[in-house]
Amino acid sequence: MKEVLIRPELCMGCRSCEIACAVEHSESKNLFAAVMEKPTPQKRIYVEYVPEYNAAIPMTCRHCEDAPCTTVCPTKALKQDEITRVVTHSTDLCIGCWTCSMVCNYGVIGRQKEARVAVKCNLCPDREIPACVEACPTNALVFLEVKKLSGVKRTEAALKLARGMQGKAL
Amino acid sequence: MKPKAYDRSIDPASRAMLRKAENEGIETAWDRYEKQLPQCSFGQLGICCRNCNMGPCRIDPFGEGADKGICGATADIIVARNLLRMIAAGAAAHSDHARDAVLTFKKMTGGEAGSYSIKDEVKLKALAAEYGIPVEERSKEEIAAELADALVVEFGKQEGPIQFTRRAPVERVKLWTKVGIDPRGVDREIVECMHRTHIGVDNDPVHILLHGLRTSLSDGWGGSMIATDVQDVLFGTPTPIKSTVNLGVLAEDKVNLVIHGHESILSEMILEASEDPEILKLAKEKGAKGINITGMCCTGNETLMRHGIPTAGNFLQQELAVITGAVEAMVVDVQCIMPALGTLTSCYHTKFISTSPKADFPGTVRMEFHEETAYEIAKEIVRTAVENYPNRNPARVNIPDEKQECMVGFSAEAILAALGGTPAPLIDAITGGAVKGIGAVVGCNNVKVKHNYGHVNLVKELIKNNVLVVTTGCNAIACAEAGLLVPEAAAMAGDGLKGVCEALGIPPVLHMGSCVDISRILLLASAVAKTLGVDISDLPVAGAAPEWMSEKAVSIGVYVVASGVYTVLGTVPPVLGSSEVTKLLTEGLDKVVGATFAVETDPFKAANLMLKHIEGKRRDLGLKP
Ligand code: SF4
Ligand code: SF4
Ligand code: SF4
Ligand code: SF4
């Protein structure tokens with residue numbers, strides 16, 4: 001399955017992903033209309049600042065294997081697809097107990113204030129490429145299979161190594 | 001799959017060049033636009049601030065993150081400040097152009113700009129009279145010298161009022177004074193914009209916007225209007241004339257120069273130099289049948305209006321002209337010139353010649369233009385183009401067939417003359433209901449709108465509903481390309497307007513000039529309002545900028561609204577991040593200046609908004625619907 005994978009070294013901290021995510025989960029799916037909507041559209045990706053490293057790191061749902069949030073949810077509002085691993089949330093079933101946020105290791109389950117229910121990444125089911133990925137101007141977010149990203153990273157690392165070797169030979 | 005060109009322009013000539021670009025692997029503004037997508041939402045909403053180095057700050061429009069900048073500026077404050085800076089930049093561009101025209105005029109009176117002369121003595125004397133300069137028994141040179149000094153002073157006038165604002169109806173001037181926005185010199189207003197938007201100065205959105213109105217008024221009734229009038233004195237006031245437009249005006253067998261940009265000072269001299277026998281002889285020697293000067297953007301409008309010089313296209317066609325492969329020189333001065341032309345011209349034999357001391361672009365041949373030696377430089381520029389003719393690669397030449405006839409040159413003076421000297425016949429037509437009102441449709445192209453789609457459809461819809469359209473800038477060229485600027489286009493108008501056009505032998509869409517010439521529209525509206533004894537805001541008049549993009553357009557939009565004309569924008573301005581500013585622009589301003597903005601991206605719906613407004617004003621004036 002394809003996932004939203006993060007290449008933190010490329011993140012500029014512009015927060016375009018956050019806005020695109022909120023717009024995608026708005027009634028109108030249009031920026032100019034979304035800013036006027038009630039309830040306020042909400043983002044499901046969070047660009048966190050890490051002061052020690054002066055770095056911005058986008059955080060979003062990892063759709064973990066055996067996702068703990070789904071196992072603790074007392075109402076089965078959170079469910080995981082057995083094949084795709086996507087964790088989805090049903091506002092109708094959600095009672096706003098926040099047990100899910102307690103167990104989420106990444107803190108990416110947010111709270112819709114007006115409706116008092118949980119909000120989290122649903123991988124933009126209506127889109128081919130998730131909104132956050134499309135909005136990122138530097139490709140810090142990619143929509144790939146983990147295997148594929150590892151492959152890309154291996155190639156990059158191999159290139160670096162090869163360059164180093166060439167330096168030695170000279 | 002539909003070719004991309006189809007979605008990019010409604011104009012067949014432009015589509016042909018877009019397909020050629022695609023085949024040749026050449027990048028255009030549309031390709032670059034696609035690479036920008038999706039565009040930054042903070043920017044689109046106007047909620048990022050870079051006015052100090054504690055920032056950049058941005059506000060979360062969905063209320064979860066930051067609701068203030070570091071200094072405490074809210075979205076409302078940031079949006080208002082950003083808008084004021086846009087107005088300042090736009091007003092600066094227009095009025096700096098005006099200043100250069102005035103300085104050339106002054107140099108001419110002092111004998112330092114020998115290539116220029118006074119072409120419209122009547123207008124010279126009329127302007128002098130407005131400034132209280134005696135004209136009886138004085139030579140035109142004497143009058144001009146005194147007028148030049150008076151005009152130069154206007155730019156930096158520290159205390160108001162500036163002269164041309166007094167051309168507005170008295171009710172309007174009273175309103176400006178009451179609201180506190182009767183402008184001072186445009187330089188002072190612009191400087192104050194920059195001061196107010198510095199960190200920690202003006203932080204009340206209403207207060208900020210009022211200064212925006214004042215600044216734009218100093219542009220519309222000061223800077224821009226001065227540019228128009230001085231250029232009329234120097235180069236002649238336009239009168240109706242026929243010409244042709246679109247990329248098909250480029251010639252297969254002649255040396256093609258495209259003059260692109262905004263200032264007539266340069267283009268006028270290039271026209272003269274292109275008729276120089278020595279240069280013409282050289283062209284023959286190089287194997288060309290002659291020299292073909294064509295305009296682009298507002299330079300195009302200026303030379304089209306005054307001399308009937310064919311225009312190759314509007315803003316989004318600048319790259320397409322080069323892509324024909326038949327342009328020997330793209331000669332530019334200032335404003336709306338894409339820096340992309342540098343790389344693009346290097347893919348062809350085209351020489352990219354930049355002439356303004358203020359503006360340069362990557363990849364240009366610099367041939368700096370100065371009034372003192374204007375003719376010599378112009379001749380050098382034309383010579384460079386001529387010498388480049390043998391480098392043209394015929395295998396890569398593909399000039400579209402499309403060229404369209406047009407009738408242009410409707411300055412306010414020319415319109416009044418066509419009406420027999422007074423606005424009375426137009427007013428009769430309006431009060432009688434044959435003509436419902438006047439639509440002023442202006443402005444740029446913008447890749448966010450299919451090229452010319454917004455312009456042409458909005459204008460067609462208006463004339464169909466008996467609204468006489470006046471136009472300037474890139475809208476005027478779009479209308480010309482769509483065949484709306486010929487008397488025969490009256491057939492596309494409603495019966496009432498059609499009758500009026502046929503009786504007067506005029507098109508239903510009147511070309512009033514370049515973007516600075518929107519001042520001409522203000523004067524026409526003032527003339528009508530004065531004859532009726534009402535304010536501009538009482539007239540059945542509405543404005544629109546269906547494809548606007550530049551900061552100049554922001555200044556224009558604001559001074560048009562501040563002058564009392566309801567205006568519909570076809571692309572969304574970066575203000576929606578602030579509900580307060582948005583409300584003020586679309587509702588609140590009505591109480592202040594008697595007009596507001598509306599935003600409508602669909603040209604048909606936009607035309608409907610304008611029609612509704614016009615009908616409302618007709619009702620208020622007691623005219624039959
Ligand atoms: S907050 Fe909603 S989704 Fe989370 S555990 Fe409780 S019921 Fe389930
Ligand atoms: S994938 Fe969609 S829902 Fe998930 S963070 Fe990105 S934009 Fe939001
Ligand atoms: S859009 Fe991309 S660069 Fe910007 S904050 Fe999100 S991940 Fe980082
Ligand atoms: S002026 Fe205020 S809002 Fe703007 S960058 Fe500085 S601190 Fe931020």
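Every chain is numbered from 1, with letters handed out A, B, ... down the list of sequences.
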Inset, instruction - Give a yes or no on this: more than 12 heavy atoms of other residues, nucleotides or ligands lie within 6.0 Å of atom OH of Y106(A). - result: no

Legend entry - Exceeds 12 heavy-atom contacts within 6.0 angstrom, atom CZ of R116(A): no

Inset, instruction - Check whether E18(A) gets within reach of chain B through its side chain, its backbone, both or neither, counting any heavy atom under 4.5 Å. - result: neither

Inset, instruction - Heavy-atom distances under 4.5 Å only: say whether Q39(B) touches chain A with side chain, backbone, both or neither. - result: neither

Legend entry - Heavy-atom proximity to chain B below 4.5 Å, by part of K113(A): side chain

Inset, instruction - Can you check whether anything in residues 130-139 of chain A gets within less than 4.5 Å of chain B, heavy-atom wise, and list it by number? - result: E134(A), A135(A)

Inset, instruction - Evaluate whether atom CE of M1(A) has more than 12 neighbouring non-hydrogen atoms of other residues, nucleotides or ligands under 6.0 angstrom away. - result: yes

Legend entry - Within 6.0 Å of CD1 in I83(A), more than 12 heavy atoms from elsewhere: no

Inset, instruction - Return yes when atom NZ of K2(A) has more than 12 non-hydrogen atoms of other residues, nucleotides or ligands closer than 6.0 Å, and no otherwise. - result: no

Legend entry - Any pair counted as salt bridge (Lys or Arg N to Asp or Glu O under 4.0 Å), so long as it reaches residues 80-98 of chain A, sequence neighbours left out: E3(A)-R85(A)

Legend entry - Close contacts, residues 53-71 of chain B versus chain A, judged by heavy atoms under 4.5 Å: R58(B), D60(B), P61(B), F62(B), G63(B), E64(B)

Inset, instruction - Identify which of I19(A), T40(A), V23(A), V35(A) forms the greatest number of heavy-atom pairs closer than 4.5 Å to chain B. - result: I19(A)

Inset, instruction - Assess whether atom OH of Y53(A) is packed by more than 12 heavy atoms of other residues, nucleotides or ligands within 6.0 Å. - result: no

Legend entry - Interface residues of residues 570-584 of chain B facing chain A - non-hydrogen atoms under 4.5 Å apart: V572(B), L576(B)

Legend entry - E114(A) CD: over 12 foreign heavy atoms closer than 6.0 Å: yes

